[in-house]
Number of protein chains: 2
Amino acid sequence: MDVYLDTGEEPDKPRTRIQEINRSAILVAALDVFSIHGFRGSTVDQIAQRAGMSKPNLLYYFRRKQDIYRAVLESILADWLAPLEALDAEGDPIEELRRYISLKMRMSADNTAASRLFANEVLAGAPVIGEFLATHLKELVLRKAAVIGHWVQSGRLAPIDPVHLIFTIWATTQHYADFDAQIRAVLGQQIDRPGYREQAAQAVLSIILNGIRPR
Amino acid sequence: MDVYLDTGEEPDKPRTRIQEINRSAILVAALDVFSIHGFRGSTVDQIAQRAGMSKPNLLYYFRRKQDIYRAVLESILADWLAPLEALDAEGDPIEELRRYISLKMRMSADNTAASRLFANEVLAGAPVIGEFLATHLKELVLRKAAVIGHWVQSGRLAPIDPVHLIFTIWATTQHYADFDAQIRAVLGQQIDRPGYREQAAQAVLSIILNGIRPR
DNA sequence: CTCCGATTTGACCAAATAGTCAAGATTTTC
DNA sequence: GAAAATCTTGACTATTTGGTCAAATCGGAG
């Protein structure tokens, strides 16, 4: 599965070297801008400037603002879902979930912009990725919830609702990226201390894993 | 403490009956609009229409768009923090936290717009409430973290980082409001079933409370 | 080098939108 | 019930912004 969203592009157009460079510069710039201001709060000019080109030039690569937005979401969706996809029914439940949570925490910290872009989109009612969520994401979640459900049934996890466990994991891990400003305000410069990320990950892991360990 | 944000208003101006009515109609409308589209994505006209008045009339009550936005945030901040304020050092730790989490879940479900408004503001880097977060919120969090810290030290809670516990609670409870579109996409019409809210609350309570229960 | 398609941009347009204002309507006050 | 204060709005302005276009420039294939 290589295409998640209809980005309104020609599928097989070969790209020149310059196109390759500029398109990716635009996507990087657009991620930064959209992730902070949201779709409507961002301007094409902002993105063009950050990408180091003029607005008409940017619009030469993406004819409409919407097209840039869709392309950025598209470029991230696969990565965003990969960790859940990797949850292995054959593995040890606690270890599998530890790995999943750790990975999500790391992704959140390493790519705060992507996390915030999703948050903005979903907060606005998911106008662009709504259909994707209702099909691909739903399918993935239900499939992995079944795996977790089996773990529960076999007594290898405490009796919890698998889907809500997934929601809880998403909520906590993404919180550190999405609400960075709030966390930063509360913790001040602590947040930039070397061990901070590990400490946060450890706290989340401790609460959730102990919360679902069989009793 | 009655004023959290500088809303740029005359403090003691008495309000007429009509002012009272219209100002609150505007705040209600603005909450709905801002919470979905964010500050820059919302228009004064949208808010005016939803409040049932003309744009110039709205601007008679709030001279600038920013003023409306600040006033809405101001009108919500106190309520939003009250539950944490109520965490009682003298109570039973698990019961106190159960009450806190339940209350936050209920607030999130009953007032999704307020939750999303905050999410939008913080996501954008908290340009308006940033100072408030770094002072009042920080003070409150550290004060309550100390309470939780004592519970941990006396062995009445498992050894967890109190501040991260608070973050985890915020993350999970607000997730249900902020990411409603995503949850709705995954769960479909289930979300409107009678017992759904209780089920979600139960799942969150189960994971977190078991996660911090002394072992 | 030379030509042709690809790339770039200054200048521009149309629509959206925050905010103003003066005049008219309504409510309150005495 | 009349004057004063408050409230309301149509019409307007200035600015921002998404998007167009023709002309200029650049880059690579032969």
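Residue numbers begin at 1 in each chain, while the letters A, B, ... track the order of the sequences. What you see below is based on every heavy atom in this structure, not just the backbone, and it leaves out hydrogens, waters and symmetry mates. In this text the structure is predicted, and so the values were computed from the model without any measurement.
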- May I have the distance from A/H37 (atom NE2) to D/dT17 (atom P), rounded to whole angstrom? 11 Å

- Query: Should we count CD of B/E95 as having more than 12 external heavy atoms under 6.0 Å?
  - Reply: yes

- Query: Any side-chain N or O of A/N57 less than 4.0 Å from the OP1 or OP2 oxygen of C/dT9?
  - Reply: yes

- Return the minimal non-hydrogen interatomic distance between A/K144 and A/E85, and the atom names on each side. NZ-O, 3.0 Å

- Task: Find which nucleotide of DNA chain C each of B/D45 and A/N22 is nearest to by heavy atoms, and output the residue with the more 5' nucleotide.
- Result: A/N22

- Query: How many Å lie between CD on B/Q19 and C1' on D/dC7, as a whole number?
  - Reply: 9 Å

- Query: Going 5' to 3' along nucleotides 19-28 of chain C, which nucleotides have protein heavy atoms under 4.0 Å from the base (write B), which only from the sugar-phosphate (write S), and which from neither (write -)?
  - Reply: BBB-----SS

- Salt bridge present between A/R184 and A/D180 (N-O < 4.0 angstrom): yes

- Note on the structure: When rounded to the nearest 0.5 Å, the distance separating CD1 of A/I76 from CG of A/L31 is 4.5 Å

- Parallel, tilted or perpendicular: ring planes of A/Y176 versus B/F167, cut at 30 and 60 degrees: perpendicular

- Task: Starting from C1' on D/dC26, measure out to CD1 on A/I21 and report it in whole angstrom.
- Result: 14 Å

- Task: Supply the atom-to-atom distance A/N120 CG to B/N120 CG, rounded to the nearest 0.5 angstrom.
- Result: 6.0 Å

- Message: OP1 or OP2 of C/dT8 versus the side-chain N and O atoms of A/Y60: is any pair under 4.0 Å?
- Response: no

- Return the 5'-most residue of the pair A/G52, A/R40 with respect to DNA chain C, ranking by each residue's nearest nucleotide. A/G52

- Task: Write down the distance between CG (B/L58) and P (D/dC7), rounded to a whole number of angstrom.
- Result: 14 Å

- Expressed in angstrom and rounded to an integer, what is the separation of A/Y61 atom OH from D/dG19 atom P? 18 Å

- Query: Nearest-Å distance, CD (A/E20) to P (C/dA6)?
  - Reply: 15 Å

- Task: Measure the distance from CD on B/Q46 to C1' on C/dA18 and round it to the nearest whole Å.
- Result: 13 Å

- Message: Any salt bridge linking A/E139 with A/R143? Criterion: basic side-chain nitrogen under 4.0 Å from a carboxylate oxygen.
- Response: yes

